[in-house]
There are 2 protein chains.
Amino acid sequence: MDDSPPTGDELLRILSALANPHRLRILGTLSVRRDYVSSLARVIGIGRPLLHMHLQRLEAAGLVRGTLELSNDGKAVKYYEATDFALTLTPETIRRALPTLTDKTEKKET
Amino acid sequence: MDDSPPTGDELLRILSALANPHRLRILGTLSVRRDYVSSLARVIGIGRPLLHMHLQRLEAAGLVRGTLELSNDGKAVKYYEATDFALTLTPETIRRALPTLTDKTEKKET
DNA sequence: CACAGGTGTCAAAAAAAACTGACATATGTC
DNA sequence: GACATATGTCAGTTTTTTTTGACACCTGTG
């Protein structure tokens, strides 16, 4: 139920995924009940291409999980649900994650 | 020591403030010991104008606190320190914050 | 077959965030 | 006075993120 402390890069990915009003709404909504893309788009009030992108970001951060299912009438429907993550943030937490935070400015080797 | 649950807008401001590698490093570094702007810029390895901007964002989110002090030799030095916040994030936490999350797309009245 | 409703992708535009260099101010020391 | 160190700001560029509209695909129903 609880998560092991994420690496710096993971932490950054998670925080970046959370730092957006749409994505907070998506996550909060999915925490109540799972839903599929088109429906969720209507509920939240944004377009499907946009929602799709946001879901990608959330899934990449491990905050949401999507499963493609076949409904009774044979149509492909992709359901998303919130993973039950638990992340505690304090200055200490962050300090401990720093060693594993990659510097993107670094130059690659020959 | 613990924070009362932030409003949706506050939560978003905090998350946005954290969602950046430089700012994570700043926060982590300040969690060890307070430091002043120019010094901190050298430690972290970024320019002062840039650091200044990041500190603004962190302070606006309440994650960092700055105090202008006069050093022994009379120079004005601005010290920053990390506030001891504690934020727990779960799908539930987020869901509870949603009602107080402002929709920026809203139209203003006449 | 046309339609409704589901899936996804792509490129281009718009908006927001990050970054940089130049500038201005102040104080103590050589 | 020139220099070193501290503070901050501002405009303009670059980069990243967000958003939109147009596609294409599949399946069951009228």
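Residue numbering restarts at 1 for every chain, and letters A, B, ... go by the order of the sequence lines. Note that the coordinates shown come from a computational prediction; the quantities given were computed from them, not determined experimentally.
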After noting the C-alpha distance and the side-chain angles of A/Arg34 and A/Glu69, does the key distance pass the salt bridge (Lys or Arg N to Asp or Glu O under 4.0 Å) rule? CA-CA 13 Å; A/Arg34 67 205 298 266; A/Glu69 302 176 11; 2.6 Å; yes

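- The stretch residues 27-47 of chain B participates, sequence neighbours left out, in these ring pair (Phe, Tyr, Trp, His ring centres under 6.0 Å) pairs: B/Tyr36-B/Tyr79.
- Between the side chains of A/Asp9 and A/Thr7, no donor-acceptor pair of N or O atoms lies under 3.5 Å.
- Contact of the A/Leu30 side chain with the A/Leu40 side chain is registered, since non-hydrogen atoms from C-beta on lie closer than 4.5 Å.
- Residue A/Ile46 is the one, among A/Ile46 and A/Asp73, whose nearest nucleotide of DNA chain D lies closer to the 5' end (criterion: closest heavy atom).
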Any chance you could list the contact pattern along nucleotides 4-9 of chain C? Use B for base contacts, S for sugar-phosphate-only contacts and - for none, protein heavy atoms under 4.0 Å, 5' to 3'. --SBSB

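- Within the structure, salt bridge (charged side-chain N to carboxylate O under 4.0 Å, His left out) pairs that include any residue of residues 54-66 of chain A comprise A/Arg65-A/Glu81 (at least two apart or interchain).
- When every heavy atom of A/Pro91 is checked against every heavy atom of B/Thr83, the shortest pair comes out as CG-O, 3.3 Å.
- Counting only heavy atoms from C-beta outward, the side chains of A/Leu89 and B/Thr88 never approach each other to under 4.5 Å.
- Here chain B contacts DNA chain D (any atom closer than 4.0 Å to a heavy atom, that is under 4.0 Å), and the contacts span D/dA6 to D/dT9 from 5' to 3'.
- Side-chain contact of B/Thr90 with B/Glu92: a donor-acceptor pair under 3.5 Å is absent, judged by distance alone.
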Side-chain donor/acceptor pairs under 3.5 Å, residues 43-56 of chain B, sequence neighbours excluded:
| residue | atom | partner | partner atom | Å |
| --- | --- | --- | --- | --- |
| B/His54 | ND1 | B/Arg23 | NH1 | 3.0 |

Restricting to nitrogen or oxygen on both sides, can you table the protein-nucleotides 16-18 of chain C pairs closer than 3.5 Å?
| residue | atom | partner | partner atom | Å |
| --- | --- | --- | --- | --- |
| C/dA18 | OP1 | B/Asn20 | ND2 | 3.1 |
| C/dA18 | OP1 | B/Arg23 | NH1 | 3.4 |
| C/dA18 | OP1 | B/Arg23 | NH2 | 3.1 |
| C/dA18 | OP2 | B/Arg23 | NH1 | 3.3 |
| C/dA18 | OP2 | B/Arg57 | NE | 3.0 |

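- In this structure, the side chain of A/Ser31 does not engage the main chain of B/Arg95 through any donor-acceptor pair within 3.5 Å.
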